[in-house]
2 protein chains.
Amino acid sequence: MPTQTFFNLSEEKQKRLIAGAMKEFSSKSLNDASISNIVKNSKISRGSFYQYFEDKKDLYFYLIGKFRYNYRQLMFKSFKEESGDFYEGYKHFGEKYIKYIMESEKFGFFENMYMHMNYQINQEARVDVNHTSQQKLPEGKRIIDVIDRSQLKMETEKEVIDILRYILSMLNDTIMEGFWKELSVNETQKLFVKRLNWITYGVKNNKEEEEESR
Amino acid sequence: MPTQTFFNLSEEKQKRLIAGAMKEFSSKSLNDASISNIVKNSKISRGSFYQYFEDKKDLYFYLIGKFRYNYRQLMFKSFKEESGDFYEGYKHFGEKYIKYIMESEKFGFFENMYMHMNYQINQEARVDVNHTSQQKLPEGKRIIDVIDRSQLKMETEKEVIDILRYILSMLNDTIMEGFWKELSVNETQKLFVKRLNWITYGVKNNKEEEEESR
DNA sequence: CTTGATTTATGACAAGTTGTCACATATAAT
DNA sequence: ATTATATGTGACAACTTGTCATAAATCAAG
C-alpha cells in the first residue's frame, strides 16, 4: 500500500508517477522493470519514491488494484441477465472480461502482468467472490446471492464459493495462456467456454445414453 | 540448455555446480537467486559459469528438467492399475505426484519453484502428454492409449489431449496453492481430488433426479 | 511576520547485481 | 615439440537497489 504521503500529493504529481510507472510496466515485467526508470520517467527523485512506496512490488500491486476491471458489477449484471444460470452467467461474464482485458488501452500492462503471472499476482488481480477482506456485504449484494444455487450439486455455501473461486482462477489461467500463445480474443474466449463447459457438465459421458462405440 | 562444454566437464565438477545451484535455489526464487552466490557455492569462476549456461534461467530450467518427477511412468502405472478409468486413474496419479513433490528431499527447491510458478515454469515442469517435442511414440506407448476413451465425451484425439493437459495444469495449480496456503500433503490431495471430481462429473446436478429444494 | 515544528524533496552513496573480455592455462593432435 | 583447440579466470563497466544526511517547503501559533 502506498503511504499517506503519496495520497497527500497533488493530483498532478500522483498522475505523473502513475503514468511513469505504467510506461515502464507496459514494456517490462515486474522483475525487469526498474525503479530508476520509473523515477526518470516521472521526474521524481529516487528518495521521494521510497517515501511513497515500500518498493517496486508495492507500487505494482497498487496499479493492479487501480486498473483491474471492477468485475463485481459485471458479474452481477451477467448472472442477472442469464437468470442466475451458472453456465450462461459465467460464459457471459468470462467473454466480456476477456474482451476487456485483451482490448484494453492498457494492453501492454496486462500482457506483461499475465505473461509473468504467479499465485500472488493472480490473487491481487482477482476479485474475491466472498469479500472476506472487506466488511460483510448485505444479503442480496453478494455474488453468491444472484446465482441459482439449486442448479449446483454443492450443498453448503462454502462449497459454492469454492467453485466460484476456481472458475475465476481458471479464467485468469486461460487469459494467461491466451497471451502466451498469442491467441486472439475470440480464441481465448472459446478456450474459456470450452473449459467452463467441462467443469459445468463434466467430461465423463452419461453411461446410459451412449453405447454405440462404432 | 547447457552447452556441450558443461557436459564435457568431469562428473565431479558438474555435481559441484549442480549442488551449489540447488543450494541457492532451495532458499531463493529464480529472481532472488544470484549467479554470484552459485559460483561462490560451487567454487567456480564467474567466467566459467557463462561458458556452461546462457544465464540463470538456462541453469534453472535445466535443473527443473533434471529433478522433476518422471511422471510419464507414474501416469502409465496409475491408469493401468485403474483399468484406464479417467477419474480413478488421475486420482491415483495426482495423489502420488503431490506426495512426491511435497515430501521430496528437494522440498525447498520445489517450494520455491511452485511459490513463484508462472506459465513458463509450469510448461517446463509439466510432462507433455502428447510428446510433441519428441519423436512420435509408437502406438500403445502414449499416455492417451492407456486411457479408456469411451468414458469421455470427447470425440477426437485432440480433444482428449486437451483435457488431459488441462488436468495437469490444474494439478500444478493446486500444488502451487498448497504451498502458498501451507496446506498439508493430505489437504492438497483432497483439494486436487475435489477439483478432479468437478471436472469429471460436472458441478451441475442432473435435473431429473433432484427437485426437492427444501 | 517570525519562529519553530512538521512534512516533503533530493541526490550522492555503499553494496550489490550481471555479462564480457583479454588473457592464462590446460588438453589434444600432428 | 609445436600448433590448434578447449577451458579457466577475475577485473571491469554498467547497471541495480535502498538509505541517509541534508535542504527546502509548508504549516501553526504567538
Side-chain angles (χ1 to χ4, degrees), chain A residues 1-64 112 116 118 120-121, chain B residues 1-64 112-113 115-116 118 120-121:
Chain A
M1 259 291 138
T3 60
Q4 191 49 247
T5 308
F6 174 74
F7 293 112
N8 292 344
L9 254 39
S10 74
E11 203 174 322
E12 190 276 322
K13 199 164 189 179
Q14 284 185 38
K15 280 192 175 160
R16 192 146 45 85
L17 182 40
I18 289 169
M22 286 303 281
K23 187 181 169 193
E24 179 74 354
F25 287 126
S26 291
S27 62
K28 303 224 184 74
S29 71
L30 171 57
N31 282 305
D32 293 341
S34 88
I35 294 173
S36 300
N37 280 335
I38 293 170
V39 299
K40 229 177 284 169
N41 287 346
S42 317
K43 285 167 182 51
I44 279 174
S45 78
R46 185 170 194 78
S48 286
F49 179 91
Y50 285 96
Q51 240 160 343
Y52 310 146
F53 300 97
E54 211 174 298
D55 54 19
K56 207 169 48 173
K57 257 191 176 176
D58 192 24
L59 166 59
Y60 192 68
F61 290 135
Y62 168 67
L63 293 175
I64 287 181
N112 273 294
H116 301 86
N118 57 28
Q120 195 183 357
I121 294 175
Chain B
M1 260 291 139
T3 61
Q4 190 49 246
T5 308
F6 174 74
F7 293 113
N8 292 344
L9 254 38
S10 73
E11 204 174 319
E12 190 276 325
K13 198 164 190 178
Q14 282 186 40
K15 280 193 175 161
R16 193 146 44 87
L17 181 40
I18 289 169
M22 286 304 280
K23 187 181 171 193
E24 179 73 355
F25 287 127
S26 291
S27 63
K28 302 223 186 75
S29 71
L30 171 57
N31 282 305
D32 292 341
S34 88
I35 293 172
S36 299
N37 280 334
I38 292 170
V39 300
K40 230 177 283 168
N41 288 345
S42 318
K43 285 165 182 53
I44 279 174
S45 78
R46 184 170 193 80
S48 287
F49 179 90
Y50 283 97
Q51 240 159 340
Y52 310 145
F53 300 97
E54 211 174 298
D55 55 18
K56 206 169 48 171
K57 258 191 176 176
D58 192 24
L59 165 58
Y60 192 67
F61 290 136
Y62 168 67
L63 293 175
I64 288 181
N112 273 294
M113 182 180 105
M115 293 281 279
H116 300 86
N118 57 27
Q120 195 183 358
I121 294 176

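Bear in mind the structure is a predicted one, so any value in this text is a computation, not a measurement.
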Chemist: In whole angstroms, how far is the P atom of C:dT17 from the CD atom of B:E24?
Modeler: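 Computing the B:E24:CD to C:dT17:P distance gives 9 Å.
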
Chemist: Quick check: does any side chain N or O of B:K56 sit under 3.5 Å from a backbone N or O of B:A33, one acting as donor and the other as acceptor?
Modeler: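 Looks like yes, one N/O pair under 3.5 Å.
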
Chemist: Reckon B:S34 touches a base, only the sugar-phosphate, or nothing at all at heavy-atom distances under 4.0 Å?
Modeler: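 The answer is sugar-phosphate, as B:S34 gets under 4.0 Å only of primed atoms, P, OP1 or OP2.
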
Chemist: Does D:dG8 have OP1 or OP2 sitting under 4.0 Å from an N or O in the side chain of B:K13?
Modeler: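 Answer yes for this pair, as a side-chain N or O of B:K13 is under 4.0 Å from OP1 or OP2.
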
Chemist: Consider the side chain of B:Q51, meaning its heavy atoms from C-beta on, and name the nucleotide among C:dT8, C:dG11, D:dT9 that approaches it most closely.
Modeler: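 For the B:Q51 side chain, the nearest candidate turns out to be D:dT9.
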
Chemist: Take atom CD1 of A:I44 and atom C1' of C:dT8, then tell me their distance rounded to the nearest Å.
Modeler: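 Taking CD1 of A:I44 and C1' of C:dT8, I get 12 Å after rounding.
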
Chemist: Give me the ring orientation class for B:Y62 and B:F53: parallel if the planes are under 30° apart, tilted from 30 to 60°, perpendicular past 60°.
Modeler: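 Answer is tilted, since the angle falls between 30° and 60°.
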
Chemist: Roughly, in whole Å, what's the span from CZ in A:F7 to P in C:dT8?
Modeler: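 Answer to the nearest Å: 13 Å.
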
Chemist: Grab the NZ-C1' distance between B:K56 and C:dT18 for me, whole Å please.
Modeler: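 That distance rounds to 9 Å.
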
Chemist: Would you say a side-chain N or O of A:N8 is under 4.0 Å from OP1 or OP2 of C:dT8?
Modeler: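 Yes, because at least one side-chain N or O of A:N8 sits under 4.0 Å from OP1 or OP2 of C:dT8.
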
Chemist: Rounding to an integer number of Å, can you tell me how far A:F6 CZ sits from C:dA9 P?
Modeler: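 Atom-to-atom, A:F6 to C:dA9, this comes out as 11 Å.
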
Chemist: For B:Y52 and D:dG8, is the shortest distance between a side-chain N/O and OP1 or OP2 below 4.0 Å?
Modeler: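 Yes, within the criterion.
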
Chemist: I'd like to know if the side chain of B:E24 and the backbone of B:I35 have a donor-acceptor N/O pair within less than 3.5 Å.
Modeler: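 No.
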
Chemist: Does the side chain of A:S36 get closer than 4.0 angstrom to OP1 or OP2 of D:dC15 through an N or O atom?
Modeler: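 False: A:S36 side-chain N/O out of range (4.0 Å or more) of D:dC15 OP1/OP2.
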
Chemist: Under 4.0 Å between any heavy atoms, over every strand shown, what does A:T5 touch: base, sugar-phosphate, or nothing? Just pick one.
Modeler: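 Sugar-phosphate only.
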
Chemist: Measure CD1/A:I35 against P/D:dG18 and give the value in whole Å, please.
Modeler: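 Rounded to whole Å, this separation is 5 Å.
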
Chemist: Expressed in angstrom and rounded to an integer, what is the separation of A:L30 atom CG from D:dT17 atom P?
Modeler: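 After rounding, the reported distance stands at 11 Å.
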
Chemist: Spell out, as yes or no, whether a donor-acceptor pair under 3.5 Å connects the side chain of B:N118 to the backbone of A:H116.
Modeler: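 Checked: no pair found.
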
Chemist: Is any side-chain nitrogen or oxygen of B:R46 closer than 4.0 Å to OP1 or OP2 of C:dT18?
Modeler: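 Yes, such a contact exists.
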
Chemist: Please report the distance, rounded to the nearest Å, between CZ in B:F49 and P in C:dC21.
Modeler: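 Those two atoms, CZ and P, are 17 Å apart.
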
Chemist: Test your reading of the model: is there a side-chain donor-acceptor pair from B:R46 to the backbone of B:V39, 3.5 Å cut-off?
Modeler: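 Such a contact is absent between B:R46 side chain and B:V39 backbone.
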
